[in-house]
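Below you'll find the structure, written out as structure tokens, and then a few comments.
The shown structure was predicted, so the numbers you read here are calculated from the model rather than taken from an experiment. Residue numbers run from 1 in the order of the sequence given.
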Amino acid sequence: MTDTVKGPASYFPSIEKKHGRPIAEWKEIIRSSPLTKHMELVSLLKTEHGLGHGHANALVAHTLAEPNPK
């Protein structure tokens, strides 16, 4: 039986295919930004990197939900 990926991670294959970067690279862009608010980060990905709202939102939501690796 295969598990269906749900939530923000379900966007990851299409993000990688459409934008040509691995998810780890997108997450590093988010983590290295001085911005901290969800919608500020979504806006950054949209304006600076050309992502659509759904893809940017999924990346930010998934990244911010992860434990902070400090």
Side-chain angles (χ1 to χ4, degrees):
M1 182 157 101
T2 60
D3 292 329
T4 302
V5 177
K6 296 179 182 176
S10 67
Y11 286 90
F12 290 178
S14 61
I15 292 170
E16 289 181 330
K17 183 177 180 181
K18 183 171 184 174
H19 299 285
R21 290 184 180 190
I23 296 305
E25 196 172 315
W26 289 114
K27 288 184 172 196
E28 185 54 35
I29 290 169
I30 293 166
R31 286 188 201 106
S32 66
S33 172
L35 304 173
T36 58
K37 294 182 180 176
H38 182 97
M39 288 309 295
E40 291 175 338
L41 291 162
V42 168
S43 182
L44 169 79
L45 294 178
K46 290 169 64 175
T47 59
E48 298 293 322
H49 299 282
L51 273 73
H53 183 81
H55 285 174
N57 189 57
L59 284 166
V60 172
H62 197 271
T63 303
L64 293 181
E66 293 176 336
N68 193 350
K70 285 190 178 182

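Here salt bridge (Lys or Arg N to Asp or Glu O under 4.0 Å) pairs that include residues 12-23, with residues two or more places apart or in two chains, are R21-E25.
In this structure, CD1 on I30 lies 9.0 Å from CD1 on I23, to the nearest 0.5 angstrom.
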Taking distance alone, no hydrogens or angles, what donor-acceptor pairs closer than 3.5 Å link side-chain atoms of residues 52-65 to residues at least two apart or in another chain?
{"unit_1": "H53", "atom_1": "ND1", "unit_2": "K46", "atom_2": "NZ", "d": "3.4"}
{"unit_1": "H55", "atom_1": "NE2", "unit_2": "S14", "atom_2": "OG", "d": "3.3"}
{"unit_1": "N57", "atom_1": "OD1", "unit_2": "H38", "atom_2": "NE2", "d": "2.5"}
{"unit_1": "H62", "atom_1": "ND1", "unit_2": "K27", "atom_2": "NZ", "d": "2.8"}
{"unit_1": "T63", "atom_1": "OG1", "unit_2": "L59", "atom_2": "O", "d": "2.7"}

